[in-house]
Amino acid sequence: MADKSPAARGGRFFAAPWRRSVLAAVLGALPAPAFPEPSWWWLAYIGLVPWLLLVRSAPTNRRAALEGWLGGAGFLLVVHHWLLPSLHVFILVLAALLGLLWAPWGLVVRRLLGGSPGPGRVAVALVVVPSLWLAIELVRSWEYLGGPWGLLGASQWQVAPALRLASVGGVWLVSFLLVAVNTALAALVSAPRARIAALAGLSGCVLAGAGVWWWAPLPRPAGTVRVALVQPGVVDGAGPRFDLEERLTRQLAGQRVDLVVWGESSVGADLGDRRDLRDRLAALSRTVGADALVNVDARRSDRPGIFKSSELIGPNGPTGDRYDKMRLVPFGEYVPARSVLGWATSVGKAAQEDRMRGTGQVVMRLPDGLRVGPLVCFESAFPDMSRHLAAEGAQLLVAQSATSTFQHSWAPAQHASLAALRAAETWRPMVHATLTGVSTVADARGRTVGRRLGTDARTAAVYQVPLARGTSPYVRFGDWVVYASLAVLAGYAVVEVVRGVRGRRM
């Protein structure tokens, strides 16, 4: 007699391949609200479990790979959905291509958690599954593939223990432990024979977090600096924007600021060509009594091409400290393989002309000796760039950004949240200054300083920023978590190959 129970009917419903495919895409996207705007950070600790359970139950390796691919594509599509107005249909293509990175992950999940795994397989899964996830994050962090936006660990930007973990192993360590927790929970639900191993793995993650919280070193206080952020809001045209930024900056006179920061593309003409703009900026510096860090988005007068450049302005004009943006936003600032993909400019807001790249990072020095490390736009998403600036002596990290194209989306909050991660990783406070919000400041432990300037703010705000001294473990030892994960994957691959060879000989 046929089983007509609800569970049986549900099992048959989800047994259909097309239904499993849809479910994989939906479940892959489940952790996305852990990121800003929603910032349901707790979801990152359980959000992968349903996807893991689905993939482990795949009837074949091919199906597991497919469900890994679709889940990865779903995750990327939701986390980056705010790109749709700019890329249109191309965002679907990008999500599908990058989602392929999760196909091997699906195979490994089925191999280690499928069927009725024992303690040994689950123990291996607790290390290999997070390691492979980290390898995926590493590959998609390549700037030509879009950069490290939406790394799982970045969802924990307001969780103090996670920020402490980031100071030891970067955002990579946070991602690793999040995936390990999800893997342990999935095994706890689906592997009755290995529940002790799953509980041990879960306990290990908790103990690791607690151990870092109690014993990891902390940055030492080193005085304060007064930094002013000028956020003009949405303004149509480079000229009117400059005029408003000038008026807002004049309001800072008498407030004893040490540095004034304008957002990305705050100046729309090369200062080498525009003496009038240089003179106005120099006058502002004299009025306020502080240097100003502006961002020029214009065709250079001294070399071919358009650059985005952070320039330090003193009372006599540009000081000579200049940083040209090195890592450009794909499609937004250049079109990869333009001869092949140039059609993207006709269906979205892709760059009509490629911006030019800088050749090296720069640490700027203020008159009082303070060393400032500038980043432009999504360069704040790259852990290695802020780590390099800290290692080169920067005492304050400054990111200049503009997300007005995505003003009413998750993008401004997602971008601003990265300041906390970069500050905690490097033990260097970070200023995130934007044209249209969200602007924010984080101290050396990743805690928010003062008020965040939302997308409705048009103001000049002064922040008393605590400085710190010392070298964080992450700055000192670098991406050791990534290297350890790659070593784990190499060892696992060797074992699987040896096992396969032995199997064929028997």
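From a predicted model like this one, the values you see are computed outputs, not experimental measurements.
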Could you give me the CA-CA distance, side-chain angles and deciding distance for Val260 and Asp291, then say whether side-chain contact (heavy atoms from CB on, under 4.5 Å) is met? CA-CA 6 Å; Val260 179; Asp291 283 7; over 6 Å; no
Main-chain N/O of [Y] paired to [X] side chain as donor or acceptor, under 3.5 Å:
{"X": "Arg371", "Y": "Gly393", "result": "yes"}
{"X": "Gln156", "Y": "Val174", "result": "no"}
{"X": "Tyr463", "Y": "Arg451", "result": "yes"}
{"X": "Gln255", "Y": "Ala228", "result": "no"}
{"X": "Arg56", "Y": "Ala187", "result": "no"}
{"X": "Arg357", "Y": "Met326", "result": "yes"}
{"X": "Glu137", "Y": "Pro148", "result": "no"}
{"X": "Thr403", "Y": "Gly437", "result": "yes"}
{"X": "Asp479", "Y": "Val482", "result": "no"}
{"X": "Trp262", "Y": "Ala292", "result": "no"}

Locate the shortest heavy-atom distance separating [X] from [Y]; write the atom from each residue and the value.
{"X": "Ser265", "Y": "Asp297", "answer": "OG-OD2, 3.1 Å"}
{"X": "Arg226", "Y": "Val462", "answer": "NH2-CG1, 3.4 Å"}
{"X": "Ser310", "Y": "Gln400", "answer": "OG-OE1, 2.5 Å"}
{"X": "Val235", "Y": "Pro232", "answer": "CG2-O, 3.9 Å"}
{"X": "Arg452", "Y": "Thr440", "answer": "CG-OG1, 3.3 Å"}
{"X": "Phe35", "Y": "Ser155", "answer": "CE2-N, 3.8 Å"}

Rounded to the nearest 0.5 Å, how far apart are [atom1] of [X] and [atom2] of [Y]?
{"X": "Leu84", "Y": "Leu92", "atom1": "CG", "atom2": "CG", "answer": "7.0 Å"}
{"X": "Leu151", "Y": "Leu421", "atom1": "CG", "atom2": "CG", "answer": "8.5 Å"}
{"X": "Leu134", "Y": "Leu486", "atom1": "CG", "atom2": "CG", "answer": "8.0 Å"}
{"X": "Cys205", "Y": "Leu126", "atom1": "SG", "atom2": "CG", "answer": "7.0 Å"}
{"X": "Leu435", "Y": "Arg241", "atom1": "CG", "atom2": "CZ", "answer": "5.5 Å"}
{"X": "Trp82", "Y": "Gln407", "atom1": "CH2", "atom2": "CD", "answer": "13.0 Å"}

Taking the side chain as everything from C-beta on, heavy atoms only, tell me whether [X] gets closer than 4.5 Å to [Y].
{"X": "Leu389", "Y": "Arg428", "value": "no"}
{"X": "His81", "Y": "Ile91", "value": "no"}
{"X": "Leu244", "Y": "Leu248", "value": "yes"}
{"X": "Leu418", "Y": "Trp149", "value": "yes"}
{"X": "Val362", "Y": "Glu392", "value": "no"}
{"X": "Leu218", "Y": "Arg445", "value": "yes"}
{"X": "Ser21", "Y": "Glu67", "value": "no"}
{"X": "Ser131", "Y": "Phe176", "value": "yes"}

From CA spacing to verdict: side-chain contact (heavy atoms from CB on, under 4.5 Å), Trp133, Leu178: CA-CA 10 Å; Trp133 183 281; Leu178 285 173; over 6 Å; no
Crowding at CH2, Trp427 (>12 non-hydrogen neighbours, <6.0 Å):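 Counting other residues, nucleotides and ligands, CH2 of Trp427 exceeds 12 neighbours.
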Compute whether any side-chain donor of one residue and acceptor of the other, for His408 and Thr455, lie under 3.5 angstrom apart.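 Distance-only check fails for His408 and Thr455.
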We want to know whether Ser167 and Ser472 form a side-chain donor-acceptor pair, criterion being a heavy-atom distance below 3.5 angstrom.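 There is no such pair between these side chains.
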Test salt bridge (Lys or Arg N to Asp or Glu O under 4.0 Å) on Arg387 and Glu425 and set out the steps. CA-CA 8 Å; Arg387 179 165 59 86; Glu425 288 171 339; over 6 Å; no
Looking at Phe378, I'd like to know if the NZ or CZ of Arg327 sits under 6.0 Å from its six-membered ring centre while staying within 45 degrees of the ring's axis.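 Not flagged: Arg327 not positioned over aromatic ring of Phe378.
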NZ or CZ of Arg355 within 45° of Phe307 ring axis and under 6.0 Å: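 Arg355 over Phe307 ring: no.
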Tell me whether the rings of Trp42 and Trp40 are parallel (<30°), tilted (30 to 60°) or perpendicular (>60°).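 Ring orientation of Trp42 relative to Trp40: parallel.
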Using the ring of each side chain (for Trp, its six-membered ring), is Trp51 parallel, tilted or perpendicular to Trp102, with breaks at 30° and 60°?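 Geometry flag for Trp102 against Trp51: tilted rings.
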Applying side chain to side chain donor-acceptor pair (under 3.5 Å) to Ser386 and Thr426, what does each step give before you reach the verdict? CA-CA 7 Å; Ser386 52; Thr426 60; 5.5 Å; no
As a quick check of understanding, evaluate side-chain contact (heavy atoms from CB on, under 4.5 Å) for Val398 and Leu375, giving each step before the final call. CA-CA 6 Å; Val398 177; Leu375 298 164; over 6 Å; no
Would Trp105 and Val129 count as a side-chain contact (heavy atoms from CB on, under 4.5 Å) here? Give the steps. CA-CA 7 Å; Trp105 187 78; Val129 172; 3.4 Å; yes
Regarding Arg322 and Asp324, does a basic nitrogen lie under 4.0 Å from an acidic carboxylate oxygen?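 Yes, Arg322 and Asp324 are salt-bridged.
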Answer yes when Glu379 and Lys325 have at least one side-chain N-carboxylate O distance shorter than 4.0 Å, and no when they do not.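 Here Glu379 does not pair with Lys325 in a salt bridge, since their nearest N and O are not under 4.0 Å apart.
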Step by step, would you call Ser57 with Arg20 a side chain to side chain donor-acceptor pair (under 3.5 Å)? CA-CA 10 Å; Ser57 69; Arg20 287 187 64 103; 3.2 Å; yes
